[in-house]
Amino acid sequence: LHSAGFLLSPFLPELEVRPDEFVLGTTAFRIIVAPVCSGIDGMALQLAFVGTWLWWARDRLRWPRALVLLPLAVLAAGLLNVLRIATLVLVGTWWSPEVALGGFHSKAGWLVFCAVALGATWLTQRVPWFAAEGRQRSLSAQNPSAPFLLPLLALIATALVTGLFIGGFDQFYPVRVVVTLLVLAWYRDDYRDGLRQHLAGRRLLSWHAVGLGVLVYVLWVGISMVTLPALGAEPPAELETLGPPLALAWVIARALGAIVAVPIVEELAFRGFLLRRLVASDFSKVPYDQWHWPAVLISSIAFAALHQQWIGGFIAGLLYAYAQRRRGLLSDAILAHAVTNALIAIEVLTLGHWALW
């Protein structure tokens, strides 16, 4: 509280700092800093993440100096959380309380975590003081995992950044679709060459994959009928304020993202990379039709964690993995996923079940 107050005092002369009540802010906007927002959770997450990374990359690090990253990550997480709290008060005072307590409050915390975690992994791979001799990676070195992971990371990063500026309705959703499609376009040669190699004369369309996509849709809606209070929620009121042209553009972008961008980036990351990476460190040599139960289960759990509907997400992960295994084609998992999302989009737009979006 005192650290955040110190940062805010030059900008807010009327600032109130009441440590006994955990209150920080002004008469226009004040917050109560709960224990969960104190930064302790973020520091613990950094200890867990960086500690796990150091163990994972232990053969590529200089010991014991690599352990310095643990207190550095904890310190960075604490300091950046102070900056987050101070910025939260400024956003609520000068701009919008709804944005401050809506998107900014949570998204800024995740951005801090990602920034520190990625910074720690970057240091271990680029800085000779941490990396074992001859093991630091050149910035120009080709990373075989990049075409599989960067599109999803771009999607998540864009969602986090744009989420800082929304209170409820995500009017910036088209931005994340555009950014994601641009990253996919950047690696288009990799995808085209990989598809030609793995199709090996087989047709791209698989009715079996289509059927699995329909099955996931039926299960997803069935589970949603139990877990969601009301499928027939009204469309976001903010769509009306955008006006017909912009509202139509938003709906088109939302459908394009769900049917095209999301199935491609999520299947590249979870079935194309993670499932095979859990089988062998050199994931590129693991065939797509190899079924390894621990890898399938763990990758499906990770896939479920990315979705609010985690039960349906786990089942979908299993069925998309099976779609990939049947013909040994990642494209079948993408097709099944796209069919599921297309049917959900049709239900949302025709029946008005906006809760599914």
Side-chain angles (χ1 to χ4, degrees), residues 1-46 73-119 153-180 234-243 245-247 249-250 253-254 257 308:
L1 281 168
H2 286 295
S3 299
F6 175 77
L7 293 178
L8 288 169
S9 55
F11 306 99
L12 301 174
E14 71 279 19
L15 180 71
E16 297 180 24
V17 182
R18 303 205 300 266
D20 55 329
E21 300 175 18
F22 305 104
V23 171
L24 179 70
T26 66
T27 54
F29 179 80
R30 61 169 58 93
I31 60 173
I32 297 176
V33 182
V36 72
C37 297
S38 66
I40 296 297
D41 290 359
M43 290 186 239
L45 284 172
Q46 290 300 337
V74 171
L75 178 62
L79 293 176
L80 287 174
N81 188 65
V82 170
L83 181 61
R84 178 181 77 97
I85 295 297
T87 307
L88 174 68
V89 173
L90 289 178
V91 170
T93 303
W94 288 351
W95 183 13
S96 166
E98 291 76 18
V99 170
L101 298 176
F104 187 91
H105 177 249
S106 59
K107 299 299 190 300
W110 280 110
L111 280 173
V112 167
F113 171 79
C114 292
V116 176
L118 292 175
L153 293 177
L155 175 66
I156 294 174
T158 306
L160 287 175
V161 172
T162 58
L164 294 173
F165 309 104
I166 63 175
F169 173 67
D170 187 1
Q171 67 268 32
F172 298 113
Y173 187 90
V175 176
R176 76 172 81 167
V177 176
V178 171
V179 171
T180 303
E234 293 295 324
E238 293 83 354
L239 273 178
E240 297 182 5
T241 63
L242 292 177
L246 289 178
W250 187 91
R254 183 67 179 84
Q308 291 183 341

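What you are looking at is a predicted structure, and each value in this text was computed from that prediction instead of being measured.
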Is there a side-chain contact between [X] and [Y] in this structure, where contact means two heavy atoms from C-beta onward sitting under 4.5 Å apart?
| X | Y | answer |
| --- | --- | --- |
| Thr158 | Thr180 | no |
| Ile32 | Glu21 | no |
| Thr162 | Lys107 | no |
| Leu12 | Leu90 | yes |
| Leu242 | Leu239 | yes |
| Val116 | Val74 | no |
| Gln171 | Glu238 | no |
| Ile166 | Tyr173 | no |

Exercise. Under 6.0 Å between the ring centres of Trp95 and Phe104?
Worked result: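 Ring-ring flag for Trp95/Phe104: false, centres at least 6.0 Å apart.
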
Starting at [atom1] of [X], measure out to [atom2] of [Y] and round the result to the nearest 0.5 Å.
| X | Y | atom1 | atom2 | answer |
| --- | --- | --- | --- | --- |
| Arg176 | Asp170 | CZ | CG | 4.5 Å |
| Ile85 | Leu80 | CD1 | CG | 12.0 Å |
| Phe113 | Leu160 | CZ | CG | 11.5 Å |
| Ser96 | Leu101 | OG | CG | 8.5 Å |
| Leu8 | Glu16 | CG | CD | 12.5 Å |
| Leu88 | Cys37 | CG | SG | 8.5 Å |

Problem set entry | Geometric class of the Trp250/Phe169 ring pair [parallel <30°, tilted 30-60°, perpendicular >60°] |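 Geometry flag for Trp250 against Phe169: tilted rings.
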
For this session: Would you indicate whether Glu14, at its atom CD, is surrounded by more than 12 heavy atoms from other residues, nucleotides or ligands within a distance under 6.0 Å?
Result: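 Atom CD in Glu14 is crowded, with more than 12 foreign heavy atoms closer than 6.0 Å.
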
What are the two closest heavy atoms between [X] and [Y], and how far apart are they?
| X | Y | answer |
| --- | --- | --- |
| Gly257 | Val177 | CA-CG2, 3.8 Å |
| Gln46 | Ala73 | CG-O, 4.0 Å |
| Gly25 | Val89 | CA-CG1, 4.0 Å |
| Val17 | Leu1 | CG1-O, 4.1 Å |
| Ala4 | Ala86 | O-CB, 4.1 Å |
| Gly5 | Leu15 | O-CD2, 3.5 Å |

For this session: Only pairs at least two apart or in different chains count here, so list each side chain to side chain donor-acceptor pair (under 3.5 Å) that has a residue in residues 84-93.
Result: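 Every side chain to side chain donor-acceptor pair (under 3.5 Å) pair that includes a residue of residues 84-93, provided the two are not neighbours, is Asn81-Arg84.
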
For this session: Carefully, step by step, assess Val161 and Val175 under the rule side chain to side chain contact (heavy atoms under 4.5 Å, CB included).
Result: CA-CA 10 Å; Val161 172; Val175 176; over 6 Å; no

